[in-house]
Structures are given as structure tokens and as C-alpha cells.
Amino acid sequence: MATYSTNEFKGGLKLLLDGDPMSIVENEFVKPGKGQAFNRVKLRNLRTGRVVEKTFKSGESVEAADVLETEMQYLYNDGEFWHFMTPESFEQYAVSKAALNGAEQWLKEQDMCTVTLWNGEPLSVEAPAFVELQITQCDPGIRGDTAQGGTKPATLETGAVVKVPLFVEEGESIKVDTRTGEYVSRV
Amino acid sequence: MSDWRPRAGGARVARARLLAELRGFFARRGVLEVETPVLGRGTVLDPAIESWHARSGDRADRMEGWLQTSPEYPMKRLLADGAGDIYQIARVFRGGESGARHNPEFSLLEWYRLGLDDRTLADEVVTLLQEVAAADPAWHAPDPGPRVVAYPDLLHEALGVDVLHDDAARLQAVAAQRGLTVHGELDRDAWLDALVSLCVVPEFPPGRVTILHDYPESQAILARRSRERPGCAARFEVYWGDLELANGYFELTDPAEFRRRREQDRALRRARGQPEPAADPFLEAALEAGLPDCAGVALGVDRLLMRLLGEDDIRRVIDFPWGCA
């Protein structure tokens with residue numbers, strides 16, 4: 001069983017606490033000059049996404065969470081699960097909608113994603129930061145409105161809806177920032 | 001490739017100015033600047049402080065020693081020899097201490113005054129803070145009028161804790177009521193530290209200086225017993241806002257009591273499985289020869305600089321903090 005001592009704590013370290021895998025967001029060292037040292041730690045629960053704060057007596061050891069981030073290719077959706085594959089081993093993983101947590105709206109078959117595995121089970125999926133997707137439906141733009149910087153909703157081939165500038169037309173491909181869900185440019 | 005560049009920026013010039021101001025403060029009061037070794041044959045056994053062990057190599061003629069965690073012991077030898085009022089701006093080293101308010105190597109201003117006690121020396125610390133802060137109009141100054149409060153009173157007011165009688169389980173329950181649980185087992189003093197550091201001190205008013213005095217005797221370190229308050233020690237700390245700046249004592253002069261506390265520290269280290277460094281071999285004899293009645297205090301210069309400049313992270317006032325040192 002791998003463990004980490006509090007003096008190894010730093011952002012991104014994965015710990016197993018209360019039965020859940022957690023990632024350190026922030027680690028604060030608190031110590032009175034002549035007294036006991038503590039680590040006040042903010043952790044993201046990788047299963048629920050919630051951020052919790054915990055206090056450790058410095059010098060304590062905590063079990064490491066067997067969490068692995070792997071690049072995988074998105075294959076297809078069977079209606080219930082989204083299927084991914086590691087390109088090296090061709091090993092396939094079925095991911096639930098809960099674990100995808102909205103990432104599915106950006107995924108096109110063949111796209112590469114970061115899949116986080118905990119004890120070999122998919123825990124979460126991160127879509128690529130930028131994706132290029134085709135607009136399948138949006139109202140026609142009105143000439144002359146470009147200067148006002150107005151926007152309109154556009155439905156993409158994956159089903160996601162993003163706000164696009166008025167000059168962007170149905171059938172065009174656009175670049176989207178998946179972290180904010182915002183339009184970046186035409187492709 | 002790691003970043004070679006220094007980090008302190010404008011704090012570099014402020015530090016030079018601060019050091020000059022500190023030296024001026026003591027020169028005006030006739031306190032003598034001294035130097036004592038950074039590297040010594042022994043060190044403190046205080047279980048809350050980890051010393052750095054230094055070796056010169058692995059040949060048969062290698063030398064070894066301990067980096068000082070404060071200049072306290074050799075300065076007391078100077079006092080026992082009749083040096084009178086003395087101060088030092090020392091480089092000190094503490095293992096395992098690194099973060100927004102800790103650097104494992106830092107500058108400690110330590111001074112001793114004959115004829116003062118814990119309370120009058122605490123007043124001098126406040127005077128020093130005010131005088132130094134006034135040196136540069138761009139610097140932050142502490143709000144006038146420090147808050148002076150006894151440790152047991154503070155914990156009683158803030159948390160309803162009876163510092164001298166509540167046991168570890170009761171302190172743990174008080175912490176739990178405040179939403180504080182700690183992973184790892186804490187003894188009574190560690191729970192007191194947790195309550196003070198994590199519940200009470202963060203609520204200290206930001207611009208104001210707080211003098212916390214009459215620490216429980218179990219945390220006396222090298223302070224003598226308090227005359228006014230049974231069960232307490234003549235020890236104080238000075239905070240600026242929620243930042244601990246200084247720790248001082250009406251100094252213990254009794255060699256038998258010094259030996260007793262040192263053996264207690266040694267026993268505690270053994271019980272906890274902590275490493276046991278070589279003990280300083282000289283202070284005990286100096287106490288036997290006679291330490292004059294005096295009060296002493298150590299103040300973190302880097303932290304003072306943080307407050308003067310309004311910085312929240314010690315790594316922004318040190319050019320080469322741990323990690324790029």
C-alpha cells in the first residue's frame with residue numbers, strides 16, 4: 001500500500017480518504033513556532049467533484065489513491081455507456097453518463113480524451129480543451145449586424161448548443177473551448 | 001530548466017532598510033550586537049523543532065554538527081559571562097518547515113535585556129514594531145494600542161476552554177464543535193496548539209498587534225514560572241494580525257529545572273519515535289555558573305518584512321526561498 005507523508009503534499013497529489021479518491025487542490029502548512037505543525041488541505045473528491053477541507057497533524061501518512069490519467073480514444077455511445085479505448089493496448093472501457101459529467105456533449109467518435117481511472121475503473125473524462133465541430137442547426141445571420149457583436153444559439157453535430165456570432169452560418173465548422181463552452185473561431 | 005532569478009523584487013531594498021532600522025533601534029538603547037555560531041556541536045531537543053544535521057564529507061576526518069534553530073543557547077552563554085544587553089540578527093534553520101509563512105532557513109532577531117521581565121520586554125517589542133514601521137511612509141504600521149491577553153483568558157473567552165484543566169478529549173470535542181477534526185492523534189498540548197492556531201488566531205484583527213502571555217506551564221520551554229498565574233509560564237508571543245512574529249520569556253535561570261525540562265523533551269522524542277539529535281553540551285554549565293535575571297525574545301525578520309510590505313507569502317520577501325535556494 002503506497003502512502004504519502006504530509007511533507008510530500010502538493011497540488012495534484014491523489015489520496016484515498018473516507019473511501020473516496022481525492023486530489024489535493026491546496027496545501028497550507030500551519031505551525032506555531034514552538035508547537036505542533038498541521039497541514040490544512042483543500043481536496044477535490046474525484047468521484048463527486050466536491051471540494052472539502054481537511055486538517056492533518058504534520059508527519060501523518062495517508063494512503064495514496066490508485067488514480068491514473070490515460071489518453072484514450074472515444075469510440076461510440078451505445079445509448080447507455082460511452083466506450084473508450086487505449087490506443088496502445090486496445091483495451092476498452094465503458095463510461096457512465098455520471099462519470100462523463102457533461103464531457104459527452106463535446107465528443108465526436110475518434111476524439112482523444114483524458115480518462116481518469118481509479119482502481120482500473122473510469123472515474124471521469126476530460127474532453128480535449130478545444131474541439132472543432134460542425135453546426136447542424138442555427139438561424140441565418142442578418143447582414144450588417146456584425147458590428148454589434150450580437151450572438152445566436154447554434155446546435156452542433158454532437159448536440160451541444162453554443163452561442164455564436166451572427167455571421168456564423170449553419171453547416172460551418174467552429175472551434176469551441178470545452179472548459180468554458182464558448183465559441184472561439186470559425187475553422 | 002529551473003528559474004535562476006531572484007524572487008524578492010522591491011522587498012530586497014526594504015529588507016536592507018529594515019536591517020539598518022533594527023540595528024539603529026538597538027544602538028540607540030545601548031544593546032550590543034553579537035555573533036554566535038550557525039553550526040554547533042549540539043542543538044535543542046524541543047520535540048516541536050527539528051534540527052538540520054550537517055556533515056563535512058564521508059572521509060575519516062569528517063566533521064559534523066547541527067545548524068542552529070535559534071541563537072538562544074550561545075547568547076545565554078554570553079549573558080552568563082557578563083555580556084549585558086545583547087542582540088543578534090541570526091540565520092537559523094528548521095527542518096520540515098516550508099510554506100507561505102515558513103522557510104526552513106530564515107532570519108531571526110533575538111535580544112536579551114537585563115532587568116526586564118516578560119511583560120516589559122513584550123512592551124519593548126511593540127515599541128520596536130512601531131518605530132521600525134514609522135521609518136518608511138510606504139510601510140504598513142500596526143494599529144496603535146496592542147491587545148494584551150493571557151493565554152488562558154483568550155481560550156476561555158473564545159472557546160470556553162479551561163486551559164489548565166480540560167483534557168485532550170474535551171479539547172477535541174471543542175474543536176469538533178467548531179468543525180475542526182484532525183487526522184492523526186494529538187495530545188493535550190497539540191490540541192491546544194490546534195485550537196489556538198486554527199480557531200483563535202485566524203480571528204485576530206488584521207492590523208492590530210496582540211500580545212499573548214502566560215502560556216500554560218506545559219508549554220513553558222525555557223520560561224520561568226509565572227508569578228501572577230499559577231500553572232502558567234512567564235512566556236509571551238507577539239502577533240501582528242494573525243501572523244506570529246515573536247516568542248519571548250522571562251528567562252529560566254535554574255539549572256535543575258532546565259535539566260528536568262530537557263529530559264522531558266528527550267523522553268517525549270523517544271516515546272514518539274522522533275530522532276534524537278546531539279544535545280547542546282554547554283548551556284547547562286553556563287546556567288550553573290549563573291544566568292543574570294533577564295528577559296529574551298526572538299522575532300522573525302522575514303515575517304516582519306511581510307507585514308510591513310503587506311505581503312501574504314514569505315516566498316515573496318526572500319530572494320531565494322526554499323526550492324530555489
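Below, chain A is the first sequence line, B the second, and so on; all start at residue 1.
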task: Taking side-chain contact (heavy atoms from CB on, under 4.5 Å) as the test, write out the residues that go with T158(A), two or more places apart.
output: K108(A), L133(A), L156(A), A160(A)
query: Does a sphere of radius 6.0 Å around OH in Y183(A) hold more than 12 heavy atoms from other residues, nucleotides or ligands, not counting ones at 6.0 Å or beyond?
result: yes
- prompt: Side chain, backbone, both or neither: which part of Q219(B) has a heavy atom under 4.5 Å from chain A?
  reply: neither
field: Side chain to side chain, F29(A) and R101(B), heavy atoms closer than 4.5 Å
entry: no
- prompt: If you count heavy-atom pairs under 4.5 Å between each of I221(B), L180(B), D193(B) and chain A, which one has the most?
  reply: D193(B)
message: Less than 4.5 Å to any heavy atom of chain A: does that hold for the side chain of A194(B), its backbone, both, or neither?
response: both
- request: Determine which pairs satisfy side chain to side chain donor-acceptor pair (under 3.5 Å) with at least one residue from residues 176-188 of chain B, sequence neighbours left out, and list them in order.
  value: D187(B)-R272(B)
- line: For residues 237-249 of chain B against chain A, heavy atoms under 4.5 Å, the residues are E244(B), N247(B), Y249(B)
message: Need one label for A100(B): side chain, backbone, both or neither, based on atoms under 4.5 Å from any heavy atom in chain A.
response: neither
message: Under a 4.5 Å cutoff for heavy-atom pairs, which residue among I49(B), V201(B), L198(B) has the most contacts with chain A?
response: L198(B)
- line: Contact list (residues 30-56 of chain A to chain B, heavy-atom gap under 4.5 Å, by number) returns V30(A), K31(A), P32(A), G33(A), K34(A), G35(A), Q36(A), F38(A), R40(A), K54(A), T55(A), F56(A)
